[in-house]
Amino acid sequence: MRKGNTASDANEANGTCAPGKVGANMADAAVSSGSANAASSADAEGPSCPTGVSVPGNIARAYEALDSFWREQNQLYRDVATSFGISESAFSILYAIFLAGEKGISQRDICVQMCIGKQTVNSSIHKLEREGVVVLKSGPGRRGLLAHLTPVGLELAERTIVPMIEAELAALREFDDGELELALLLGRRYTDALRSHFADIPGVHLTLQNNKAALLDGEAALRGVKAAAQGDASTPRNDGAAKRGGEGKGAPPGGCLSSPNKKVR
């Protein structure tokens, strides 16, 4: 699932992710791969980028294509949420709580996982609580309150989140092992490159995980995505997915499948 600031919290000062691009997905990786293998003529000077600096033609085309894919995919997820009569932020929060299963999830973790500002998460959680979709329970130790789906919330997730997850998995099944591995590899490389160059911007302080941890996450994601995309019923499933039965369809390995590096926009 795509993640990122919705229109309602794009200007929120406490947001955990910028409203712009924050990673690469399978489509991004495919474009990057195609650009990298373009003919040498693609390296000719192309149009100026938004800053006015002239860039090679293949880079200019990739820049535009990545932005186009990002917008198109975000619109797809927006359309799904709107079709179910649910706000973008509430849909993302419902998704995160469903994936957390019986253990529940804190508002802070929802902010981090779904890249939504904490004020938006807080207000949406309490609205869902008033509607009987979510219940807040004390977590173990000092974890504070954790969000859980009520029976009403689980039924809502069955009608909305589950079909979307199954559609995401169906899309992944259209790629073979080699394509999946290449997409995740390029997504990882692109994200690492972004991190490196963003870190060079004066005054910028990055808070995302370091490269080593991210690489391990990427390797785990690759194994999970390949197993889920192939419909491997032996793949461990999260508690939320287990509640609905339906063996053999698999479940996302703890995150959005459209973003191998847990991106989100």
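Excluded from the calculations below are hydrogen atoms, water molecules and symmetry mates; all remaining heavy atoms, backbone and side chain alike, are included.
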Spacing of [atom1] belonging to [X] relative to [atom2] belonging to [Y], to within rounding of 0.5 Å:
X    : Y    : atom1 : atom2 : result
R188 : L185 : CZ    : CG    : 10.0 Å
S68  : Q73  : OG    : CD    : 10.0 Å
I165 : Y95  : CD1   : OH    : 5.0 Å
T191 : L184 : OG1   : CG    : 10.5 Å
C111 : I105 : SG    : CD1   : 9.5 Å
N122 : R108 : CG    : CZ    : 15.0 Å

Can you check whether [X] reaches [Y] side chain to side chain, under 4.5 Å on heavy atoms?
X    : Y    : answer
L156 : L149 : no
S89  : V121 : no
V80  : F84  : yes
E64  : F69  : no
N74  : R71  : no

Heavy atoms only: give me the nearest [X]-[Y] pair and the separation to one decimal.
X    : Y    : value
L94  : G153 : CD1-O, 4.2 Å
G104 : A100 : O-CB, 3.5 Å
S87  : A81  : O-CB, 4.3 Å
A147 : V134 : CB-CG1, 4.0 Å
T160 : P163 : O-CD, 3.4 Å
I116 : S92  : CD1-CB, 3.6 Å

Next item on the list: Take M114 and F91 through the test side-chain contact (heavy atoms from CB on, under 4.5 Å) and record every step on the way to the result.
Entry: CA-CA 10 Å; M114 307 310 290; F91 196 76; over 6 Å; no
Say whether, by atom type as modelled, one donor and one acceptor occur between the side chain of [X] and the main chain of [Y] under 3.5 angstrom.
X    : Y    : result
T150 : V133 : yes
E174 : A171 : no
S123 : T120 : yes

Check: Hey, is R189 close enough to D192 for a salt bridge, meaning N to O under 4.0 Å?
Finding: no
Note to self: So, using side-chain hydrogen bond (donor to acceptor under 3.5 Å, both in side chains) as the criterion, who are the partners of R78 when residues are at least two apart?
What the structure shows: Q75, E88
Notebook entry, point to check: By side-chain hydrogen bond (donor to acceptor under 3.5 Å, both in side chains), which residues pair with R159, not counting sequence neighbours?
Noted result: E155
Margin query: Starting from V135, can I reach F98 by hopping between I/L/V/M/F/W/Y residues whose side chains sit under 4.5 Å apart?
Written below: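 In one cluster: no.
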Checklist line | Co-membership, hydrophobic cluster, residues V162 and L76, 4.5 Å side-chain | finding: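 No, no single cluster joins them.
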Next item on the list: Give the intermediate values and the outcome of side-chain contact (heavy atoms from CB on, under 4.5 Å) for residues K137 and L145.
Entry: CA-CA 5 Å; K137 300 179 181 179; L145 296 177; 6.0 Å; no
Next item on the list: Evaluate the criterion side-chain contact (heavy atoms from CB on, under 4.5 Å) for residue pair H148 and L146; output intermediate values, then yes/no.
Entry: CA-CA 7 Å; H148 299 260; L146 302 180; 3.9 Å; yes
Notebook entry, point to check: Hey, mind stepping through I125 and I110 against side-chain contact (heavy atoms from CB on, under 4.5 Å) and telling me if it holds?
Noted result: CA-CA 10 Å; I125 284 284; I110 293 175; 4.0 Å; yes
